[in-house]
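It should be emphasised that the depicted structure is a prediction, and the values quoted were computed from it without experimental measurement.
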Amino acid sequence: MKFAIVVFPGSNCDHDAYHAVKHVLGQPAEFLWHKDTSLQGADVVILPGGFSYGDYLRTGAIARFSPVMQAVSAFAAQGGPVLGICNGFQILCEAGLLDGVLIRNQQVQFRCEHVHVRVEQVDTPFTAACRTGQVLHIPVAHGEGQFFAEPEVIARLEADRQVIFRYGTASGEVTPEANCNGSINNIAGVCNAGRNVVGLMPHPERACEKVLGSDDGLVLFESVLQQLTAGAV
C-alpha cells in the first residue's frame, strides 16, 4: 500500500511520518509537494505536523489553499483514508474536511510532553486495530491545539460518534487535569461523517518505536494498513 505525505512550506514532521510508514511499518511512502495536483496513486494520505506557511495568519488557514488540497478533498470525498496530525489536523479543519477549529491553548503556553489519549471509537480506518477505551501514550507539541466548536456542533459530533480520541489519565479516566490544552470535552481527535478522514493533535508518528519511549502510535498506521489489505476502505 502506498502512503503519501504532503509537505507544506513549514512542515517539520514530514520525515517523522515518512520514517514511521516506510521504515517501521515497511510500506511504500512518497512525499508530495504542496503544489502537486495529483496524489500519484496514493492509497493513504497523511498531512503531517509543522507550521505551514509559518502559521503567521492562523494555523492551517493558508495551507488549505495549496493546490494539493483539491486532490486531497477529492480523495476524501471518494472515501480515501486521510490522516491529519497536529498542523495537518488544523489544515483539515480549515479546509472544511473536519468540523471545529484549533485555537490557542487555554494555558497560553506551548505544550510539548507525552500525554495519555483514550480511543473512543474503533470504526475508522485509523483505529480499527484498537480497542475501545484503549489508552495510548503519545506526545503532543503545539501552542494552538485547543479544540473548539459551537455547542450544536459539539453535540452533533458526540451524537454521531465522531469524537475519536480524548485526553485522559493513564487509566483512561477523562479528567480536567488530563486535558493538556483545554479542549472542549477533552477532545484530542475527531473524524468526518464518512469516518475516513481523521485528525488529532497528538503525534502518533513520534511514538512508533520503543526506543522513542512508546510505540503506542504505531497502531494507527497498522490499522489503516489492515483495513486497506482487507479491502475495507
Side-chain angles (χ1 to χ4, degrees), residues 45 47 49 52 55 57-66 69-70 72-109 111 115-128 130 132-136 140 142-169 172-204 220 233:
V45 174
L47 273 59
S52 56
D55 283 342
L57 178 60
R58 188 177 65 242
T59 54
I62 300 176
R64 62 163 293 193
F65 294 108
S66 288
M69 288 306 297
Q70 293 185 26
V72 172
S73 296
F75 180 72
Q78 294 169 359
V82 178
L83 178 66
I85 303 169
C86 197
N87 196 209
F89 183 18
Q90 295 161 339
I91 294 169
L92 290 174
C93 290
E94 290 290 335
L97 294 177
L98 291 174
D99 288 314
V101 65
L102 285 310
I103 62 175
R104 189 81 171 165
N105 293 347
Q106 188 176 58
Q107 306 89 339
V108 199
Q109 294 176 328
R111 305 300 297 264
V115 299
H116 293 97
V117 178
R118 191 176 77 182
V119 179
E120 298 292 275
Q121 308 294 339
V122 297
D123 57 346
T124 80
F126 299 99
T127 54
C130 299
T132 302
Q134 183 175 350
V135 177
L136 308 178
V140 295
H142 59 250
E144 297 177 55
Q146 181 182 176
F147 186 82
F148 176 84
E150 295 299 326
E152 60 271 23
V153 175
I154 295 293
R156 175 170 50 77
L157 290 174
E158 295 284 4
D160 293 345
R161 303 185 303 102
Q162 290 177 242
V163 176
I164 306 303
F165 302 105
R166 292 187 209 274
Y167 301 108
T169 66
E173 186 181 4
V174 174
T175 67
E177 293 75 19
N179 191 352
C180 65
N181 53 31
S183 291
I184 294 177
N185 293 359
N186 286 46
I187 293 173
V190 299
C191 73
N192 65 340
R195 313 194 79 76
N196 59 302
V197 180
V198 170
L200 74 166
M201 287 309 296
H203 287 264
L220 273 72
V233 290

>> Between T124 and T127 (side chain of the first, backbone of the second, donor and acceptor by atom type, cut-off under 3.5 Å), is there such a pair?
In response: yes
Anything under 3.5 Å between a donor and an acceptor, one on a side chain of residues 73-84, the other on a protein residue two or more places apart or in another chain? List them.
unit_1, atom_1, unit_2, atom_2, d
S73, OG, M69, O, 2.9

> Should N185 and Y167 count as side-chain neighbours, where that means a heavy-atom distance under 4.5 Å?
Replying inline: no
> Counting distance only, does the side-chain N/O of N105 pair as donor-acceptor with the main-chain N or O of V108 below 3.5 Å?
Replying inline: no
>> Tell me every residue that passes side-chain hydrogen bond (donor to acceptor under 3.5 Å, both in side chains) with T59, counting only those two or more places apart in sequence or in another chain.
In response: none
> Tell me, which pairs form a salt bridge (Lys or Arg N to Asp or Glu O under 4.0 Å) where one or both residues lie in residues 182-198, sequence neighbours left out?
Replying inline: D123-R195
Identify every side-chain donor-acceptor pair in residues 142-149 under 3.5 Å, counting partners at least two apart or on other chains, and give the distances.
unit_1, atom_1, unit_2, atom_2, d
H142, NE2, N181, ND2, 3.0
Q146, NE2, R104, O, 2.7

>> My understanding is that only residues two or more places apart in sequence, or in another chain, count here; which of them pass salt bridge (charged side-chain N to carboxylate O under 4.0 Å, His left out) with R156?
In response: D99
> Which residues satisfy the salt bridge (charged side-chain N to carboxylate O under 4.0 Å, His left out) test with D160, sequence neighbours excluded?
Replying inline: none
> Any idea which heavy atoms bring P202 and V117 closest together, and the distance?
Replying inline: CG-CG2, 3.8 Å
> Does R166 have any salt bridge (charged side-chain N to carboxylate O under 4.0 Å, His left out) partners at least two apart in sequence or in another chain, and if so, which?
Replying inline: E120, E158
>> Just to verify, what does T169 make a side-chain contact (heavy atoms from CB on, under 4.5 Å) with, not counting sequence neighbours?
In response: S171, E173, T175, A178
>> Testing the basics here: between G100 and C93, what is the closest heavy-atom pair and its distance to 0.1 Å?
In response: O-CB, 3.3 Å
>> Looking at every non-hydrogen atom in both residues, tell me the closest pair between Q107 and C180 and how far apart they are.
In response: NE2-O, 2.9 Å
>> According to side-chain hydrogen bond (donor to acceptor under 3.5 Å, both in side chains), who are the partners of N196, at least two apart in sequence or on a separate chain?
In response: N192
> Would the number of heavy atoms belonging to other residues, nucleotides or ligands and lying under 6.0 Å from CZ of R161 be above 12?
Replying inline: yes
>> Determine whether a donor-acceptor pair (N or O, by modelled atom type, separation under 3.5 Å) exists between the side chain of R118 and the backbone of G168.
In response: no
